[in-house]
Amino acid sequence: MDRRVFLKSGAAGALALALAPGSISAASKGRSSVPAAFSKAAPLAGSYDIVVCGGGPAGFIAATAAARKGAKTAIIERYGFLGGMATMGYVAPISEFAFNGERVIGGLPWEFVQRLEALGGATVQWPKGNVDFDIELYKLCAQRMVLEAGVDLYMHSSLIGCEMQDGTITSVIIENKNGLESLAARRFIDATGDADLAWLAGVPMQSNGEGEVQPSSFCFVLSGVDTDSPLLQRYMYHSGKKGSSECKPIREKLLEINGLPDFGGPWFNSVMHKGSVAVNITRAAVDSTDNRNFTGAECRLREDIFKFTEALRSVAPEFSNCYVSSTAPQAGIRESRRIKGVHTVTADEYVAGEHYPDSVSRGAHQIDMHSSKGTGQVLIKLQQAAYMPYRAMIAGGFPNLIVAGRCISADRKALASLRVQASCMGMGQAAGMAAAQSISEGCNVQDIHTATLVDSLKEAGAIL
Ligand SMILES: Cc1cc2nc3c(=O)[nH]c(=O)nc-3n(C[C@H](O)[C@H](O)[C@H](O)COP(=O)(O)OP(=O)(O)OC[C@H]3O[C@@H](n4cnc5c(N)ncnc54)[C@H](O)[C@@H]3O)c2cc1C
């Protein structure tokens, strides 16, 4: 019987030093296989039906969906709050629930929006169904939904490894203030955005356009802004009626300033508080799965935040008294690792709205590919609302792993649409329900009756 533990190489190195100096093969960056004895250093903290890794839009919805199906579910999240890029990256709005004015994403994602709206933390902008939100109320609402469903929540817990037996993941290893711990489960959902669990387990990854990725952007909140001004009233909402979200007059003035770093937009997004806006302007194309690269890029982008704030003060009277009231916990990542699944969604089929027999979620946002340098952006309108097939969320040979969110199997261009939050939430619901179904059907995640899954999703409000 082949029983092995896979750890990120840094974590494996630390364990090797603590337990058995010299017993581990060196790897400068990557996953390492270590003797199963290392799992003894990570005592079992819980046994579950389903463990969800990552508490972003895909993950917290997946955990809620799985628990509502009666599965004993846990979710692990490295920050102290849920929401992923919405709350750790200040990425707004939640895009997009509607296509041509008709809502195409329902179910749990829409329930979340309605609950957030009822708390006073969301406003839906029609006809596209973009959702402006209050960052702090988003965290509260997501946490309530997960806990009410009976999910065990492991916050401040980073996934650093997994244990495998004969090709099946048997447990994940997390690191938190308790030290190392392991969580055993029958099914696992990777919603880490970066496919961390799939990568640790050895799932093949898409080759990412010869290393080219869409840029990361470090978003921040500016306060002291004249949000009642006609300019901000036009540009900080996303109804599709008030004009482009690109703030062209300001961009043109910024382009005239010598020595400003690369930038995108700028996009100013409502945070639902008078005087404050979330700003998306900085950019750096970087491999966010490499710690040193990402650290270097974030340090540079933090400097850039203050350069742009000063520039905005000088070019636009609406910003003359503005100041940085908060920077996101981390720079936002548009593109990183994605699995090579049973099916890879291509831009051609996505834009054409191809319907698959196993369509489990939808996408309504145009393809929105940010160039790795400069202000450029490739925008491709969808011919109709797109579909995501279940087969893009599973990989052959990994019988108990489902992937949800921006790390599913898709080419770069299709990713440039399906990565938006409403789509990721839809995939999360499908992943949670599919994992629970595979347990009740007693089969691998590859062998579930997809027609039954589609019916259950429709019953739960998905619009397929
Ligand atoms: C600058 C920028 C602008 C964007 N603009 C928009 C927009 O206007 N509208 C829109 O809808 N979308 C937008 N997006 C895209 C969208 O925010 C993301 O693609 C989406 O949040 C992806 O959801 P996810 O759940 O797949 O992953 P994420 O949101 O990345 O969530 C992953 C979660 O997993 C956790 N995690 C990761 N690794 C580990 C680990 N090893 N251990 C434990 N936890 C872990 C993370 O902390 C996080 O909570 C934008 C993105 C960026 C970067």
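Keep in mind that what you see is a predicted model, and the values were worked out from it rather than measured. As the structure lists them, so they are numbered: ligands from 1, and atoms in each ligand from 1.
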> Please, which pairs that meet side-chain hydrogen bond (donor to acceptor under 3.5 Å, both in side chains) have at least one residue in residues 94-103, sequence neighbours excluded?
Replying inline: Ser95-Asn130
> Can you list every pair that meets side-chain hydrogen bond (donor to acceptor under 3.5 Å, both in side chains) and has a residue in residues 414-431, with sequence neighbours left out?
Replying inline: Tyr350-Ser417
Return a table of donor-acceptor pairs under 3.5 angstrom between the side chains of residues 45-59 and protein atoms on other chains or two or more places apart.
from, atom 1, to, atom 2, distance (Å)
Tyr48, OH, Asp152, OD2, 2.6
Tyr48, OH, Tyr154, OH, 2.7
Asp49, OD1, Arg186, NH1, 3.0
Asp49, OD2, Lys72, N, 2.7

> Measuring from each atom of ligand 1, which residues have a heavy atom under 4.0 Å away?
Replying inline: Lys8, Gly54, Gly55, Gly56, Pro57, Ala58, Glu77, Arg78, Tyr79, Gly84, Met85, Met88, Val91, Ala92, Pro93, Ile94, Ser95, Ser157, Ser158, Leu159, Ala191, Thr192, Gly193, Asp196, Ser217, Asn280, Gly332, Ile333, Arg334, Gly405, Arg406, Arg419, Val420, Gln421, Cys424
> How about Phe308 and Phe220: are their ring centroids closer than 6.0 Å?
Replying inline: no
> How far apart are the closest heavy atoms of Leu232 and Glu318, and which atoms are they?
Replying inline: CD2-CB, 3.8 Å
> Checking Arg283 against Phe263: charged group under 6.0 Å from the ring centre and within 45 degrees of the axis?
Replying inline: no
